[in-house]
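Following: one structure in structure tokens, then a few remarks.
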Amino acid sequence: MTEQQDTPRPDTPAPHSTESAPASESHAAELERLLATARERYEVGFETLTVDDAPLEILQIRNMTGHLDRLIATNAIKDPLRDLPLWAKIWPASFLLGRFLRKLDPAGKSLLEVGAGCGVTGLIAARYGFARVTITDVNADALLFARINVLRNGLADRVEVRRCDITAARLDARYDVIAGAEILYLEDLHRPLAKFLARHVAPGGQAMLCTDKRRKAAHFLKLAGRDFDVAEQPVGIKSTGDDGQEERRLFLVHRLTPKRTGAAPASPA
């Protein structure tokens, strides 16, 4: 997809409040500006995602079929796994992983979400009490949607959105938890992802990845096993398929804990 120039450049955290206006007013203005940008590109609307009776409003592309037809007509899809707007979907694994994170005693902890798409897992983590959440992706429109979702749900005080390419990034921080949902579908990213996690999981921290059981994760887990002890837990949930029918699906939550030798320290960005 062609990246338009009016997208907020998320190589650094998205803009926060200005000195001349209260944070709530500044955030409201930013939300309207970013929504206007999203509406120029897509037909969008908010969908309500309920987490333990607490609603989260998530921006979605309304006419996805029409959008895909336009991509096909303009020959914009060269590699479906990379070029389709997979970032725009609320994946069941994102919801499941977000709820799973509540078991990690989140108070005072930092969390980094990689390959976040529109940021569902990170938003849920913030609602559960993680003190500092960073939502990252490489796709500019994914970051646009994620920032809108942060502002819409009143979470700008604890959630930042920034661009992060795991194949090249060297962040200047390590995190208590690094989370990722459905990020193992591209095998050529397995090695850089394993290295990224080893550099950026804090001492005593862990990485939590969730993926559909049908996806092949053995290659990644073998690579990650050099630096991490890996535990795996199957979790079954009921979800609605693309045909509107309810189905039961099995997911795997992979918990990666640094081995006693320790993960390599993060290098400055």
Side-chain angles (χ1 to χ4, degrees), residues 1 3 10-11 71 76-94 96-98 100-101 111-122 125 133-146 161-175 177-202 205-232 251-259 263-267 269:
M1 184 181 302
E3 188 174 305
D11 295 297
L71 290 178
I77 302 176
K78 309 296 184 183
D79 180 345
L81 289 179
R82 296 181 186 275
D83 299 335
L84 287 173
L86 303 176
W87 54 266
K89 182 176 179 179
I90 301 176
W91 293 93
S94 299
L96 189 155
L97 181 58
F100 203 90
L101 293 171
L111 179 137
L112 173 70
E113 184 183 4
V114 293
C118 56
V120 171
T121 297
V133 175
T134 303
I135 291 174
T136 68
D137 204 287
V138 295
N139 183 283
D141 284 347
L143 295 168
L144 172 66
F145 275 48
V161 176
R162 63 183 296 181
R163 185 181 189 277
C164 178
D165 180 352
I166 62 168
T167 67
R170 300 291 187 272
L171 304 182
D172 57 359
R174 289 193 279 175
Y175 298 83
V177 179
I178 299 181
E182 298 291 18
I183 60 174
L184 301 179
Y185 61 94
L186 293 173
E187 188 168 314
D188 61 344
L189 293 182
H190 286 182
R191 187 177 299 276
L193 175 60
K195 291 181 177 180
F196 180 90
L197 296 178
R199 292 187 184 103
H200 296 101
V201 173
Q206 59 193 300
M208 303 286 292
L209 308 180
C210 183
T211 186
D212 191 304
K213 189 177 185 299
R214 294 171 293 186
R215 302 195 194 282
K216 299 184 184 300
H219 178 251
F220 168 78
L221 296 177
K222 180 179 179 180
L223 295 170
R226 299 170 184 173
D227 295 298
F228 295 94
D229 293 317
V230 181
E232 185 177 276
F251 293 83
L252 295 175
V253 176
H254 305 288
R255 185 192 299 256
L256 282 61
T257 306
K259 293 184 175 178
S267 301

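Because only heavy atoms are used, hydrogens play no part in the values below, and waters and symmetry mates are left out as well, while side chains stay in. If you read the sequence from its start, that first residue is 1, and numbering goes on from there. Values in this document were obtained by computation on a predicted structure and should not be read as measured data.
In this view, T167 and D165 satisfy the side-chain hydrogen bond (donor to acceptor under 3.5 Å, both in side chains) rule, not counting sequence neighbours. Partners of A146 according to the side chain to side chain contact (heavy atoms under 4.5 Å, CB included) rule, which considers only residues two or more places apart in sequence or in another chain, are I135, V161. Residues forming a side-chain hydrogen bond (donor to acceptor under 3.5 Å, both in side chains) with E232 (at least two apart in sequence, or on another chain): H254. By the salt bridge (Lys or Arg N to Asp or Glu O under 4.0 Å) test, R191 is found to be paired with no residue, residues two or more places apart in sequence or in another chain being considered. Judged as a side-chain hydrogen bond (donor to acceptor under 3.5 Å, both in side chains), and not counting sequence neighbours, the contacts of Q206 are R255. Y175 meets the ring pair (Phe, Tyr, Trp, His ring centres under 6.0 Å) test with no other residue; sequence neighbours excluded.
Considering all non-hydrogen atoms of both residues, A181 and L97 come closest at N-CD2, 4.0 Å. Shortest non-hydrogen contact noted between L111 and A179 is CD1-CB, 4.3 Å. Between F228 and A194, the shortest heavy-atom contact is CE1-O, 4.3 Å. The two residues M208 and V253 make their nearest non-hydrogen contact at CE-CG1, 3.7 Å. Taking every heavy atom of both residues into account, D141 and N139 meet most closely at N-OD1, 2.9 Å.
Atom CZ of residue R174 and atom CZ of residue R199 lie 12.0 Å apart, to the nearest 0.5 angstrom.
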